[in-house]
Novice: 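A single structure is presented below for examination.
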Amino acid sequence: MLKSHACGALRADHADQEVTLAGWVHRRRDQGGLIFLDLRDRQGIAQLVIDEEQTPDVHLKAKDVRNEWVVQVRGIVRQRPEGMINPNLPTGEVEVEVNQIEILNAAKTPPFYINREEENLDEALRMRYRYLDLRRERMQRNIILRHEVVRYIRSFLSARDFIEIETPFLFKTTPEGARDYLVPSRVHPGRFYALPQSPQQLKQLLMVAGFERYFQIVRCFRDEDQRGDRQPEFTQLDLEMSFVDREDVLDLIEGLMTGIVEDVTDRELVYKPFPRLSLHEALERYGSDKPDLRYDLVAIDVSEIAGRSGFSVFTTNVEQGKPVKAIRVPGPGGWSNSQIKKFHKELEDLTKSVGAKGLAYMAVPEEEDGEVRGPIGKFFPTELKLELFEAVGVQPGDFLVFTSDTREIVYAVVDTLRRHLAVELDLIDPKKVAFVWIINFPLFEWNEDEARWDPSHHLFTAPMREDLALLESEPGKVRGQQYDLACNGYEVAGGSIRIHQRDVQERIFSLIGLEVEDAKQKFGHMLEAFEYGTPPHGGIAPGLDRLVMILAGEPNIREVIAFPKTQQAADLMAGAPSPVLPEQLEELHIALTALDEAPESSA
RNA sequence: GGGGGCGUGGUGUAGCGGUUAACAUGCCACCCUGUCAAGGUGGAGAUCGCGGGUUCGAAUCCCGUCGCUCCCGCCA
């Protein structure tokens with residue numbers, strides 16, 4: 001080893017020991033005859049002192065040293081003199097009197113600061129020099145947190161008899177779900193592998209194989225457009241269990257998530273145990289299938305009351321079966337008319353962006369005898385107003401917003417408003433983590449375009465036993481044994497109990513319009529496997545990137561992935577994707593169709 | 001596929017139709033023996049993402065394009 005101690009590990013009890021350190025120069029403070037160097041390694045920072053009078057040769061070398069140079073030093077750890085202790089540094093009680101220095105590697109001046117946080121650093125620049133970006137404290141912290149989470153998962157599951165098993169990346173395309181990344185086969189001209197969107201089929205086959213409890217921390221690939229919480233390749237904790245029902249899976253994951261939050265982070269769980277909402281409840285109250293329950297803004301259905309008002313938008317909508325929902329915003333009753341108008345305008349513009357035509361409001365007075373402000377107040381007689389306020393749980397000075405439209409738009413409006421208001425009204429405690437289970441999903445969704453039922457989760461999700469009889473008669477009413485885990489407004493896991501009986505599977509296939517021959521073509525290996533003694537089984541797949549993002553308090557998953565891709569799915573550091581040689585294409589039996597413009601050759 | 005935001009010395013910003021493009025920081029040199037975002041003095045460093053247009057005059061206005069990003073669609 002080129003060092004005896006980690007820079008960040010030095011403490012007062014190392015005083016007077018001789019140590020050898022190696023790392024990067026974090027910062028230098030040259031005072032002429034006395035040079036201070038902050039030496040950084042993964043564990044932290046130690047202050048080096050170089051004194052011209054004591055060690056002229058070291059001083060001479062140290063004069064040339066710049067930030068990010070890699071150096072090795074030998075010296076004596078000293079308790080810092082009185083009044084020179086740096087309480088902001090874990091190593092701040094000591095410093096190292098250097099008596100030998102070796103420059104292991106000089107460094108160019110980095111294109112951005114390694115030794116400080118820059119607020120709006122251009123992401124393209126960070127990506128191009130990702131190895132430097134990753135040197136920064138924030139990124140080191142995130143990546144190390146990610147490791148701690150993964151380590152916790154492995155030990156938690158191993159202790160509960162789970163076996164980690166790898167599954168292939170070169171697998172088979174399935175037309176369902178997301179767009180596949182395809183890999184051409186050289187030895188099978190004209191055929192392609194697909195990178196798995198998840199190891200769904202394989203993990204079920206591992207249950208058929210009798211492993212009973214499987215997990216894998218595995219990369220998944222989906223060729224869809226990116227978002228802050230979506231990358232073309234992302235990591236799941238994939239797991240599957242045999243001889244379990246839903247409760248077993250939920251219990252396990254609840255224990256795992258609780259353990260991660262409490263043992264690995266300094267964050268606080270809002271709910272223990274995790275609350276459970278049906279999908280319907282989640283949508284009706286929060287407008288989202290992944291509601292953020294760190295704050296309790298709730299949409300209240302006031303359709304019945306609003307339908308009796310004189311406001312024609314409401315009455316017409318209610319007649320057509322469209323809901324009217326109200327959200328109570330605590331507080332701004334004391335505002336001036338212009339403040340209220342501005343506040344309302346902002347919210348209304350926001351909701352228009354998700355398809356709303358308008359946003360009605362009432363400002364509730366602070367005094368008992370005050371007047372309700374807002375244009376729709378006059379359409380509600382006093383009696384009805386009181387009924388409304390009762391239903392919504394109004395407090396004096398509240399601001400009520402009302403949205404009414406198709407159910408889908410109302411949900412979108414409620415979701416958008418909740419997210420916006422939470423930030424606006426500062427309702428979010430960044431230390432808090434709020435998990436919530438979403439259950440009772442419909443098994444199928446009606447596909448308007450294709451005029452058929454589509455599986456809302458995937459083909460192998462088992463129906464609720466008590467709904468089995470409805471499968472042919474009322475498919476829309478059949479609920480699946482499916483569950484999602486939401487956290488702080490993100491979906492962090494999804495899973496289900498699977499079908500393990502061939503006849504049920506075939507009924508599903510026929511319902512979604514999959515011919516037996518088709519099904520055999522696409523899933524023959526699965527159907528065949530299921531005939532050889534399949535245990536009842538189910539599983540779940542938490543998204544590791546999103547989970548770590550939330551725990552790290554980061555706004556997107558790129559901050560917790562060492563080498564992420566841009567929104568255009570590019571790697572700016574390596575320059576991927578890149579053109580390939582004609583010979584490579586030829587070997588793969590691939591001819592390119594004419595492109596509008598020839599792709600630039602990789603520089 | 002569609003809509004929005006951003007792009008000015010290495011970095012982060014200001015300038016938003018009119019002198020020599022400003023500030024902070026970084027970088028370079030010199031001074032400095034108790035600093036820790038060290039300090040002081042001096043200096044170098046920008047075809048204002050790229051292309052076209054409008055104008056007497058464009059970093060500034062318009063069109064296109066590229067890159068990053070947010071959102072809708074998409075993501076079983």
Side-chain angles (χ1 to χ4, degrees), chain A residues 26-39 45-54 59 63-64 66-68 78 80-89 91-92 95 97 108-129 132 174-180 197-198 200-201 220-232 234 349-350 352-355 412 416 419-420 441 443-445 447 453-461 480 482 484 491 494-496 508 512 541 543 555-556 558 564-568 570 572 597 600:
Chain A
H26 189 65
R27 202 169 262 131
R28 58 193 290 273
R29 291 177 293 280
D30 183 349
Q31 302 200 82
L34 197 64
I35 297 173
F36 295 97
L37 296 179
D38 289 341
L39 193 65
I45 289 169
Q47 172 163 287
L48 312 179
V49 202
I50 294 141
D51 188 324
E52 186 171 26
E53 281 178 14
Q54 310 268 322
H59 185 267
K63 268 180 21 182
D64 290 335
R66 292 296 182 269
N67 286 353
E68 300 309 316
R78 297 292 186 205
R80 290 203 197 179
E82 199 68 29
M84 287 157 202
I85 287 169
N86 184 348
N88 302 318
L89 225 53
T91 61
E95 59 192 5
E97 260 178 35
K108 287 166 73 173
T109 301
F112 48 80
Y113 303 109
I114 309 299
N115 56 15
R116 78 176 64 162
E117 267 312 312
E118 193 86 59
E119 273 306 311
N120 294 308
L121 190 49
D122 179 22
E123 273 211 61
L125 194 68
R126 293 177 59 194
M127 293 307 163
R128 189 146 59 248
Y129 298 95
L132 294 178
T174 45
E176 278 74 25
R179 197 176 293 112
D180 283 324
Q197 297 174 28
S198 81
Q200 183 59 41
Q201 296 182 27
C220 304
F221 306 86
R222 296 178 191 175
D223 186 5
E224 297 292 348
D225 288 345
Q226 309 311 304
R227 284 292 149 72
D229 62 349
R230 283 171 13 197
Q231 283 273 308
F234 61 98
D349 287 348
L350 195 68
K352 280 180 177 168
S353 72
V354 292
T416 305
R419 287 172 193 270
H420 176 81
F441 287 77
L443 194 57
F444 303 103
E445 281 162 6
N447 182 330
W453 293 99
D454 280 348
S456 64
H457 185 47
H458 60 63
L459 279 168
F460 305 107
T461 302
Q482 183 194 337
D484 275 4
E491 183 192 321
S496 64
I508 302 281
I512 62 174
N556 65 66
R558 296 186 298 279
K565 290 183 174 52
T566 67
Q567 194 161 53
Q568 304 303 316
L572 297 183
E597 243 171 283
E600 281 176 41

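Just the heavy atoms: all of them, side chains too, but no hydrogens, waters or symmetry mates, feed the values below. Letters A, B, ... are given to chains in the order of the sequence lines, protein chains preceding strands, and every chain is numbered from 1.
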Novice: Should A/Gln47 be listed as having a side-chain N or O under 4.0 Å from OP1 or OP2 of B/U35?
Specialist: no
Novice: Keeping A/Arg29 on the side-chain end and A/Phe36 on the backbone end, is there a donor-acceptor pair under 3.5 Å?
Specialist: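 Answer holds: no.
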Novice: Let me have the donor-acceptor pairs involving side chains of residues 114-124 of chain A, under 3.5 Å, with sequence neighbours excluded, atom names and distances please.
Specialist:
unit_1, atom_1, unit_2, atom_2, d
A/Asn115, ND2, A/His26, O, 3.0
A/Glu117, OE1, A/Arg136, NH1, 3.3
A/Asp122, OD1, A/Ala124, N, 3.3
A/Glu123, OE1, A/Arg558, NE, 2.9
A/Glu123, OE2, A/Arg558, NE, 3.4
A/Glu123, OE2, A/Arg558, NH2, 2.7

Novice: Please enumerate all residues that pass side chain to side chain contact (heavy atoms under 4.5 Å, CB included) together with A/Thr461, with sequence neighbours excluded.
Specialist: A/Leu443, A/His457, A/His458, A/Gln482, A/Ser496
Novice: Does A/Thr109 have a side-chain nitrogen or oxygen under 4.0 Å from the phosphate oxygens OP1 or OP2 of B/G10?
Specialist: no
Novice: For A/Asp225, which residues count as a salt bridge (charged side-chain N to carboxylate O under 4.0 Å, His left out) partner, sequence neighbours excluded?
Specialist: none
Novice: Hey, which of these two, A/Met127 or A/Phe112, hits RNA chain B nearer its 5' end, going by closest nucleotide?
Specialist: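 Nearer the 5' end of the strand: A/Phe112.
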Novice: Below the 4.0 Å mark, does B/U69 have OP1 or OP2 next to a side-chain nitrogen or oxygen of A/Asn556?
Specialist: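 No, A/Asn556 has no side-chain N/O under 4.0 Å of OP1/OP2 on B/U69.
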Novice: Does a nitrogen or oxygen in the side chain of A/Arg27 sit under 4.0 Å from OP1 or OP2 of B/A38?
Specialist: yes
Novice: Who are the side chain to side chain contact (heavy atoms under 4.5 Å, CB included) partners of A/Asp349, not counting sequence neighbours?
Specialist: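 If we apply the side chain to side chain contact (heavy atoms under 4.5 Å, CB included) test to A/Asp349, skipping adjacent residues, the hits are A/Lys345.
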Novice: A/Phe221: what forms a ring pair (Phe, Tyr, Trp, His ring centres under 6.0 Å) with it, not counting sequence neighbours?
Specialist: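 Checked A/Phe221 against ring pair (Phe, Tyr, Trp, His ring centres under 6.0 Å); matches are A/Phe169.
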Novice: How many Å lie between CD1 on A/Ile45 and C1' on B/U35, as a whole number?
Specialist: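 In whole Å, B/U35 C1' and A/Ile45 CD1 are 14 Å from each other.
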Novice: Which residues pass the side chain to side chain donor-acceptor pair (under 3.5 Å) test with A/Gln231, sequence neighbours left out?
Specialist: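 Applying side chain to side chain donor-acceptor pair (under 3.5 Å) to A/Gln231 gives none.
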Novice: By nearest nucleotide on RNA chain B, pick out whichever of A/Ala178 and A/Glu52 is the more 5' one.
Specialist: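 The residue mapped nearer the 5' terminus is A/Glu52.
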Novice: Mind checking if A/Glu119 touches a base, just sugar-phosphate, or nothing, with heavy atoms under 4.0 Å?
Specialist: nothing
Novice: For the base of B/U35 and the side-chain ring of A/Phe36, does the geometry meet a stacking cutoff of under 5.5 Å between centres and under 30° between planes?
Specialist: yes
Novice: For B/C70, does OP1 or OP2 lie under 4.0 Å from any side-chain N or O of A/Arg558?
Specialist: yes
Novice: Donor-acceptor check, side chain of A/Arg222 to backbone of A/Pro232, threshold 3.5 angstrom: yes or no?
Specialist: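 The answer is no, because no donor-acceptor pair under 3.5 Å joins these two groups.
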Novice: Quick one: label A/Thr461 by what it contacts on the DNA or RNA (base, sugar-phosphate, nothing), any heavy atom closer than 4.0 Å.
Specialist: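 Since no nucleic acid heavy atom lies under 4.0 Å of A/Thr461, the category is nothing.
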Novice: Any donor-acceptor pair under 3.5 Å between the side chain of A/Arg230 and the base of B/C75?
Specialist: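 Pair found.
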Novice: What are the atom names and distances for every N/O pair under 3.5 Å that joins the protein to nucleotides 21-25 of chain B?
Specialist:
unit_1, atom_1, unit_2, atom_2, d
B/U25, O2', A/Tyr113, OH, 2.7
B/U25, O2', A/Arg116, NH1, 2.9
B/U25, O2', A/Arg116, NH2, 3.4
B/U25, O2, A/Tyr113, OH, 3.0

Novice: Expressed in angstrom and rounded to an integer, what is the separation of A/Lys63 atom NZ from B/C30 atom C1'?
Specialist: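 To the nearest whole Å, that distance equals 11 Å.
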Novice: Counting distance alone, no hydrogens or angles: does the base of B/G67 have a donor or acceptor under 3.5 Å from a partner atom on the side chain of A/Glu123?
Specialist: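 No pair found.
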Novice: Reckon A/Arg66 has a side-chain N or O less than 4.0 Å from the OP1 or OP2 of B/C28?
Specialist: yes
Novice: A/Asp229: which residues meet the salt bridge (charged side-chain N to carboxylate O under 4.0 Å, His left out) condition with it, sequence neighbours left out?
Specialist: A/Arg546
Novice: Nearest 0.5 Å please: distance from the CG atom of A/Leu572 over to the NZ atom of A/Lys565.
Specialist: 10.5 Å
Novice: What pairs with A/Arg126 under salt bridge (charged side-chain N to carboxylate O under 4.0 Å, His left out), at least two apart in sequence or on another chain?
Specialist: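 For A/Arg126, the residues satisfying salt bridge (charged side-chain N to carboxylate O under 4.0 Å, His left out) (neighbours in sequence not counted) are A/Asp133, A/Glu559.
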Novice: Sequence neighbours left out, what passes salt bridge (charged side-chain N to carboxylate O under 4.0 Å, His left out) with A/Glu491? Give chain and number order.
Specialist: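 Partners of A/Glu491 by the salt bridge (charged side-chain N to carboxylate O under 4.0 Å, His left out) criterion come out as none, since no residue qualifies.
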Novice: Provide the Watson-Crick or G-U wobble partner of B/C74, both distances under 3.5 Å; none if there is no partner.
Specialist: none
Novice: What is the per-nucleotide protein-contact pattern of nucleotides 39-51 of chain B, from the 5' end, where B denotes a base atom under 4.0 Å from a protein heavy atom, S denotes such proximity for sugar-phosphate atoms only, and - denotes neither?
Specialist: -------------
Novice: Give me the distances for all protein-to-nucleotides 5-8 of chain B N/O pairs that come in under 3.5 Å?
Specialist:
none

Novice: Is there a side-chain contact between A/Arg29 and the phosphate of B/A38, meaning an N or O under 4.0 Å from OP1 or OP2?
Specialist: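 So the side chain of A/Arg29 is within the cut-off, an N or O lying under 4.0 Å from OP1 or OP2 of B/A38.
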